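Atoms within each ligand, like the ligands themselves, are counted from 1 in listed order. This structure is a prediction, so every number in the text was calculated from the model and none was measured. If you read the sequence from its start, that first residue is 1, and numbering goes on from there.
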Amino acid sequence: MAAPRVVNARATRSKGESATRTRILKDGTIESVAELINNGSAKNIIVMSGAGISTAAGIKDFRSPGTGLYDDLERFNLPYPEAVFDISFFKDNPDPFYRLAKELLPGRYRPTFTHYLLPLLAKKDLLLRSYTQNIDMLERLTGLDEDLLVEAHGSFATSECIQCNELCDNSYVRKHILKGEIPHCMECKGLVKPTITFFGEQLPDRFGTLAQVDFKKCDLLIVLGTSLQVEPFNRLITRVPASCPRLLINREKAGEDMHLGFDFDDKWKYPVLRDAVFLGNCDEGVRQLAKLCGWEGELQAMFEAGNIEMALAEELEALTLAKEAEEEQKEIEERAKAEQESDKGEKEKPHVKEHTENVLKDTHENHQVPKNLEESKSNTKKPSSSDDVDAISDLLQATEISSSKKDSAPAKDTTKAGKDDKPS
Ligand code: OAD
């Protein structure tokens, strides 16, 4: 499947255009779409979505002027905004992506009211598939069966090395992202990247394989919160049968400037009139659709139950993280303590040496051990330093024991005992 690409295609008139025109939808409103659902004409619904369904969760979209992510990337010094998701750029400079990834990383956001339309349609056995461009994984958090989901631009769910394609432990990657570090492959030290489809990369196989089959079967297409500017995803709207009704819920019209694209204003005079638009926020549009279908209460209940579940999951995660942090802190403290003790040991050695020297000096003055030492030295042609070492280590041992007992008196006694025990 081709790599994603931003387009600005001009529309052309449909080949099959004819004078006889069929009206699939009563008019181009959300009400006429709800009517189709209510009369059972829509049983294989495909939902296509984009960043606009997640803005209510607090995630920026890409292209909304002023508020979109691409207007907010000056701090990264990029040659052009999309470079942050461009594979060639990433290979040279992964830093901007990783700085952004820290902000985008799933785990801090909850699905919106709109997201719960997906499991609701699935529950009613009306959802053929949900195709999303989003990498935030919020669809998964609604409990939607993953078989019903195509993440066309990948997600943060897995990560792999861009050099050897080895899959990497995701918690390792996550920890790096949170620390503001760039993860590298354990195998080949190559750059690791979450399996998000960058510009210049192929879309997941699953996208091409399923789209080929699904779109032919579609009997209602609902497009939510996308500017439909990125290929090949945007082209999907043209792949439903010519008689398939299409609804766009978005703050602005989109997808009109392409061959077989939307025709909300009957500009292209298609033989079949089948496009509807709701201009406004996704949550409002979805609520209205649900209301018209008699599902509003059910959808609201799913949203609320989901929120409670999310709150519990967040709490559990916070507790787990706190426990992990506590254990890490404990480990650090234990390590520091051990280091301190070994440092103390090192520092103590000079004391011990000093103490030993004192003992030696002391015994020298008393003509005890040194005498023996002198004797043992004079008894051997080549005085062995190991003898000295032995003697000193005996003394050291004595002093060490005494120092560990914090009692200097036995040191002398022990020395004396040592002297007495030493064979002459
Ligand atoms: P865009 O930012 O291009 O478009 C988002 C659309 O949603 C815009 O038309 C907004 O007006 C609209 N919108 C925003 N908030 C909304 C809301 N609450 N309710 C209704 N409409 C809302 O985002 P996408 O179309 O998703 O690709 O962008 C497509 C791809 O471009 C992304 O997947 C990403 C990006 O580059 C890659 O990174 C490969």
Quick check: [X] and ligand 1, any N/O pair under 3.5 Å apart?
{"X": "R251", "answer": "yes"}
{"X": "A51", "answer": "yes"}
{"X": "V230", "answer": "no"}
{"X": "F198", "answer": "no"}
{"X": "N250", "answer": "yes"}

* **Residue pairs, two or more places apart or on separate chains, that pass side chain to side chain donor-acceptor pair (under 3.5 Å) and touch residues 142-157** =>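 Residue pairs with at least one partner in residues 142-157: R140-E151.
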
* **Closest to atom 31 (O) of ligand 1 among Q133, R63, E252, H153 (heavy-atom distance)** =>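 Looking at heavy atoms only, R63 sits closest to atom 31 (O) of ligand 1.
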
So does [X] pair up with [Y], basic N to acidic O under 4.0 Å?
{"X": "K267", "Y": "E256", "value": "no"}
{"X": "D61", "Y": "R251", "value": "no"}
{"X": "E331", "Y": "R335", "value": "yes"}

* ligand 1 contact by F233, heavy-atom criterion under 4.0 angstrom ->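 F233 does not count as a contact of ligand 1 under the 4.0 Å cut-off.
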
* **D72: salt bridge (charged side-chain N to carboxylate O under 4.0 Å, His left out) partners, not counting sequence neighbours** =>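 D72: salt bridge (charged side-chain N to carboxylate O under 4.0 Å, His left out) contacts with K60, R75.
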
* To do: Might you confirm whether atom CD of Q340 has over 12 heavy atoms from other residues, nucleotides or ligands at distances under 6.0 Å?
  =>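 Counting other residues, nucleotides and ligands, CD of Q340 stays at 12 neighbours or fewer.
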
